Amino acid sequence: MTAPWVLDEDDALELLAYLVTAARTQVDEAAEYGPMRLLTAAHRLAEAMGPRSSPETAAALGGPLAAMPTLAVPRDRTEYVEQLDAACRSLAAHLKARYGS
Amino acid sequence: MTDPVRDPVLAAIRRRRVTRAMTDEPVARADVETILEAARWAPTAGNRHLQRFVATTHPGTMRVVRMVSPGMIARPPAAIVICVDRELAAQYGFRPDVPGPWIDVGTATATILLAAQAVGLGAGPVSSFSRAAVAVALDLPDGWSPELIVGLGHPAPVQPAPMSAGRRVTWRDLTRWVPEG
Ligand SMILES: Cc1cc2nc3c(=O)[nH]c(=O)nc-3n(C[C@H](O)[C@H](O)[C@H](O)COP(=O)(O)O)c2cc1C
């Protein structure tokens, strides 16, 4: 069985354009914009995937990842790193449940 | 100090905030023209007017502009793109690296943001975009370099929290008197 598509061509093109142009703007911008832009891309991808993905994936996308700030990197670096790690752990738990056993 | 609550210009300056969530209600071209008329009166270095404005309310064009502008958080239904006419600047004898034309982009931006508020629109400046891609999307003439996009639209009722909402900066934090005291 082939998995159903979770992005249509327009969603995918929009995200691709975002990633390519962000690669260019990042050359000139503060380093802290890097994680912000990647998280914005992840949020946009999650938003587009949400309605068409499995309930388990939709739940994972709505977890700690959804709570990550995308407008600015918080001044407290330690807390930010912990939040990012929590998002990574939660995603990994979903990946493990889906593919790892 | 003049009371910013009572002076309408100072009050408008205090009230203005960037709009990062907009409704999809279209923006009237007449409102954009009012804003452009205000921008024309922004001060420019040597009164040279080396900036050029590219305005659009076209949904397809706005869609493409946003797709190539990672810093554009809102989905504005209209925009004014402030460009520097580099060829004209060179003809006037400005070297490519002199700051005057870029400072003009700043005075135009500030004027546009306030004028948008005056016509009841929200506005958000965006400098994080691919200049190369925006030049293609807008069919810019050779030599026009897009420097800043101001997205325009009707503010959504709920706005994202401001960037790094930390301690509020006061003018005293930014200012040094000479002589001290
Ligand atoms: C030159 C310039 C470039 C900016 N670029 C962006 C941008 O790419 N994306 C964005 O969301 N905001 C951008 N902003 C808006 C600022 O982040 C905003 O003015 C600042 O956070 C203060 O918020 P306030 O204007 O509501 O007081 C820009 C502002 C200026 C002056």
Side-chain angles (χ1 to χ4, degrees), chain A residues 6-51 61-62 64-84 87, chain B residues 17-22 24 59-76 79 81 84 96-97 102 105 122 124-138 140 145-149 151 155-156 158-169 173:
Chain A
V6 291
L7 291 189
D8 65 22
E9 185 174 347
D10 291 340
D11 294 334
L13 254 182
E14 178 165 349
L15 191 64
L16 181 123
Y18 177 92
L19 289 170
V20 174
T21 53
R24 174 61 188 88
T25 57
Q26 193 50 39
V27 174
D28 300 328
E29 286 185 329
E32 68 171 33
Y33 276 58
M36 245 167 63
R37 296 288 183 233
L38 288 170
L39 285 168
T40 298
H43 278 188
R44 290 187 182 178
L45 180 57
E47 206 178 292
M49 285 169 71
L61 298 178
L65 172 64
M68 289 303 302
T70 55
L71 270 184
V73 171
R75 302 238 191 273
D76 186 336
R77 190 172 184 281
T78 314
E79 194 186 322
Y80 186 54
V81 169
E82 277 168 15
Q83 266 184 296
L84 275 171
Chain B
R17 293 279 72 79
V18 297
T19 303
R20 291 205 178 88
M22 296 174 184
D24 45 20
T61 305
M62 282 310 306
R63 187 171 181 195
V64 177
V65 166
R66 183 173 184 273
M67 282 184 182
V68 298
S69 302
M72 190 174 276
I73 314 291
R75 289 183 187 275
V81 181
V84 171
D97 54 346
W102 280 270
V105 172
V126 175
S127 58
S128 296
F129 59 88
S130 158
R131 277 142 182 79
V134 164
V136 170
L138 299 176
L140 293 185
S145 142
E147 298 299 337
L148 198 123
I149 303 173
V158 180
Q159 292 293 317
M163 286 177 94
S164 51
R167 194 180 61 89
R168 190 176 272 228
V169 175
D173 300 323

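What you see is a predicted model; the values in this text were computed from it and never measured. Sequence lines set the chain letters: A, B, ... in the order given, protein chains first and strands last, and positions in each chain run from 1.
Across B:Met67 and A:Thr21, no two heavy atoms sit closer than the pair O-OG1, 3.9 Å. Nearest heavy-atom pair, B:Ser128 versus A:Tyr33, reported as atom, atom and distance to 0.1 Å: OG-CE2, 4.4 Å. B:Met72 approaches A:Arg44 most closely through the heavy-atom pair O-NH2, 3.3 Å. Closest of all the heavy-atom pairs between B:Ala161 and A:Leu71 is O-CD1, 3.2 Å.
At a 4.5 Å heavy-atom cutoff, the contact between A:Glu29 and chain B is made by side-chain atoms alone. For B:Arg131, no part lies near chain A; criterion is any non-hydrogen pair under 4.5 Å.
Note on A:Arg37, A:Met36, A:Arg24: by heavy-atom pairs under 4.5 Å with chain B, the leading option is A:Arg37.
Other residues, nucleotides and ligands contribute more than 12 heavy atoms inside 6.0 Å of the CZ atom of B:Arg17. Counting heavy atoms of neighbouring residues, nucleotides and ligands inside a 6.0 Å radius, atom CG of A:Asp10 exceeds 12 of them.
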